[in-house]
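Written out below as structure tokens is the structure these notes cover.
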Amino acid sequence: MARMTTRLRAMVKRGQFLELPATYDPITARIAESAGFRTIYNGGFVTGGKTCISEPLLTMSDQIGVGGEIAKSVDVPLVMDGGAGWGEPLHTMRTVRECIWAGIAGIHIEDQFFPKRAHYHTYVVHNIPRDEFVDKIKLACRQRDELDKDFVIIARSDAARVQGLKEAIDRVNAAADVGADMGLVFPRTHAEAVETPKRAKLPMVYVQSRGTRDGRPLYSFGQLKDMGYAGSIDATISICVMQHFMSQAMMELKKTGDYTGIKEPQFVTARKAVEDLVGLEGFYRIEQETVEKAKPVRSTRRGARNV
């Protein structure tokens, strides 16, 4: 079976649009995979939310720990948010190594300060100089080539928010010259979004930033593909959907002592779906062949009573 890095690189090479829904743990990743996604994403925002640490305070071990758990739980390539590489070029090289060893198929590396500031979430951007960013990408690509040439490196620039789209595109194009595989910027308007893939040397990924307050445009996968993008990260969908619906459920349960948002037959279906995502049926078969083979089997299929 091909490595996940090899599968991801083949997708990029043949121009397959990368649909990258953000996932923050193995079960959200398996839900995305079972929905038919052939690639998935783990971002700093969802990991920061899931852990209640926040993205700017995540360490490399925090992020790769979550990314690695996701990568080994699914049979599709995972692209991870590599932040600012957790340091200077030498540290960025280690980040690449650790990601490859963890089974992650690709990362994006950005031109933000490290350590990242919490004000990033108020859209205050703190860019490092262009030459320092290019050095990070260059050394990241060197490490990729030494360890796994199929590992995908996406050069990300936040410069459009403070220095304009031209500077962001120039940075991505400079990253292309030192080996980056894809690019990512943050167009501020529809006109900039349309212009970005035309001006970039690299296949470009768009970040779908649901819930942001800076007015960046949102598009469907189909719209982005038609505009010339090579992929799209849906960066906040899992954590925000969880917060929205889980908050409603908990508030109703606290207020009434009951929950009516979904009916009991739907709960039976949902519980069985969770069990299937975990793989319990396979576990049952192994136990029935070994430690449970002399005992009567108690059904846990839909409609059966179980605890």
Side-chain angles (χ1 to χ4, degrees), residues 8 12 18 20 22 39 41-48 55-56 58 60 63-64 67 78-89 91-93 95-96 99 104-117 120-121 123-141 144 151-188 192-193 196-197 199-209 212 214 216 224 229-236:
L8 181 62
V12 174
L18 304 183
L20 294 161
T39 52
Y41 175 72
N42 172 237
F45 184 83
V46 294
T47 298
E55 179 180 0
L58 292 173
M60 181 191 71
Q63 183 69 52
I64 295 179
L78 172 72
V79 175
M80 192 193 80
D81 183 350
W86 285 280
E88 297 176 346
H91 305 91
T92 304
M93 293 177 77
T95 296
V96 171
C99 285
I104 294 159
I107 57 172
H108 60 73
I109 300 168
E110 67 197 42
D111 54 0
Q112 289 279 298
F113 281 173
F114 181 81
K116 202 168 195 173
R117 297 181 184 173
Y120 168 79
H121 289 300
Y123 317 111
V124 176
V125 175
H126 304 90
N127 282 338
I128 61 175
R130 189 195 300 182
D131 60 344
E132 293 182 14
F133 171 59
V134 173
D135 281 343
K136 280 191 182 188
I137 299 298
K138 179 180 179 180
L139 272 294
C141 293
R144 171 202 65 198
F151 186 76
V152 172
I153 292 178
I154 303 169
R156 163 181 161 172
S157 175
D158 290 56
R161 286 171 164 159
V162 288
Q163 296 157 284
L165 182 65
K166 181 180 184 303
E167 176 62 21
I169 296 295
D170 286 347
R171 287 179 177 227
V172 165
N173 287 344
D177 293 338
V178 296
D181 300 299
M182 305 183 81
L184 187 162
V185 299
F186 289 85
R188 298 160 297 177
E192 288 187 350
T196 291
R199 294 172 57 181
K201 293 181 180 180
L202 292 170
M204 296 299 289
V205 177
Y206 191 86
V207 177
Q208 196 80 323
S209 302
T212 54
D214 67 346
R216 289 189 63 246
L224 289 167
Y229 283 90
S232 174
I233 292 168
D234 205 309
T236 65

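As the structure is a prediction and not an experimental result, all values here were calculated from the model. Only heavy atoms go into these numbers, but all of them, side chains included; no hydrogens, no water, no symmetry mates.
Checking side-chain atoms of Arg144 against main-chain N and O of Val96 turns up no donor-acceptor pair under 3.5 Å. Proximity of a side-chain donor or acceptor of Trp86 to a complementary backbone N or O of Leu58 within less than 3.5 Å is detected. Between the side chain of Thr92 and the main chain of Ala140, no donor-acceptor pair closer than 3.5 Å is present.
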Derivation and outcome, side-chain contact (heavy atoms from CB on, under 4.5 Å), residues Gln63 and Asn42: CA-CA 9 Å; Gln63 183 69 52; Asn42 172 237; 2.5 Å; yes
Given Val79 and Thr39, is the side-chain contact (heavy atoms from CB on, under 4.5 Å) satisfied, shown in steps? CA-CA 8 Å; Val79 175; Thr39 52; 5.8 Å; no
Working note: His108 + Val205, criterion side-chain contact (heavy atoms from CB on, under 4.5 Å); need CA distance, chi angles, decisive distance, verdict. CA-CA 10 Å; His108 60 73; Val205 177; over 6 Å; no
Would Glu192 and Phe186 satisfy side-chain contact (heavy atoms from CB on, under 4.5 Å), going step by step from the backbone distance to the final call? CA-CA 9 Å; Glu192 288 187 350; Phe186 289 85; over 6 Å; no
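Remark: Asp234 engages Arg210 in a salt bridge (charged side-chain N to carboxylate O under 4.0 Å, His left out) (not counting sequence neighbours). Under the rule for a salt bridge (charged side-chain N to carboxylate O under 4.0 Å, His left out), the partners of Asp177 that lie at least two apart in sequence or sit in another chain are Lys201. Take Val125 and apply the side-chain contact (heavy atoms from CB on, under 4.5 Å) test, not counting sequence neighbours, and it matches Gln112, Asn127, Asp158, Arg161, Val162. Listed by chain and residue number, Arg216 satisfy the side-chain hydrogen bond (donor to acceptor under 3.5 Å, both in side chains) test with Ser209 (two or more places apart in sequence, or in another chain). Residues forming a salt bridge (charged side-chain N to carboxylate O under 4.0 Å, His left out) with Lys116 (at least two apart in sequence, or on another chain): Glu55, Glu110. With sequence neighbours excluded, the residues satisfying side-chain contact (heavy atoms from CB on, under 4.5 Å) with Ala22 are Tyr41, Val46, Ser238. Here Tyr229 pairs with Tyr206 under the ring-ring contact (aromatic ring centres under 6.0 Å, His included) rule; sequence neighbours left out. Residues satisfying the salt bridge (charged side-chain N to carboxylate O under 4.0 Å, His left out) criterion with Asp131, sequence neighbours excluded, are absent altogether. Qualifying side-chain hydrogen bond (donor to acceptor under 3.5 Å, both in side chains) partners for Asp170, counting only residues two or more places apart in sequence or in other chains: Lys166. Under the ring-ring contact (aromatic ring centres under 6.0 Å, His included) criterion, His126 pairs with Phe113, sequence neighbours left out. In this view, Phe151 satisfies the ring-ring contact (aromatic ring centres under 6.0 Å, His included) rule with no residue, not counting sequence neighbours. Arg171 meets the side-chain hydrogen bond (donor to acceptor under 3.5 Å, both in side chains) test with Asp111, Glu167; sequence neighbours excluded.
Annotation for Ala84 and Lys136: closest pair O-NZ, 2.6 Å, computed over non-hydrogen atoms. Residues Val172 and Gly183 share a closest heavy-atom pair of CG1-CA, 3.9 Å. When all heavy atoms of Ala155 and Ala180 are compared, the pair lying nearest together is CB-CB, 4.0 Å.
Residue Glu88 qualifies as open at atom CD: its count of foreign heavy atoms under 6.0 Å is 12 or below. Other residues, nucleotides and ligands contribute over 12 non-hydrogen atoms within 6.0 Å of the OH atom of Tyr120.
Considering CG of Asp81 and CD1 of Ile104, their distance stands at 11.0 Å, rounded to 0.5 Å. In this structure, the separation between CD1 on Ile107 and CE on Met80 is 6.0 Å, given to the nearest 0.5 Å. To the nearest 0.5 angstrom, Ile137 atom CD1 is 11.5 Å from Arg156 atom CZ. Atom CD1 in Ile64 sits 11.0 Å away from atom OG1 in Thr47 (nearest 0.5 Å). In this structure, CG in Leu184 is found 10.0 Å from OG1 in Thr196, a value given to the nearest 0.5 Å. Between the CG atom in Leu139 and the OG1 atom in Thr95 there is a gap of 12.0 Å [rounded to 0.5 Å].
With no hydrogens or angles considered, no side-chain donor-acceptor pair links Gln208 and Ser232 at under 3.5 Å.
Side chains of Ser157 and Arg130 form no contact here, defined as non-hydrogen atoms less than 4.5 Å apart. Between Leu8 and Leu18 there is a side-chain heavy-atom pair separated by less than 4.5 Å. With contacts defined as side-chain heavy-atom distances shorter than 4.5 Å, the pair Arg188/Asp214 does not qualify.
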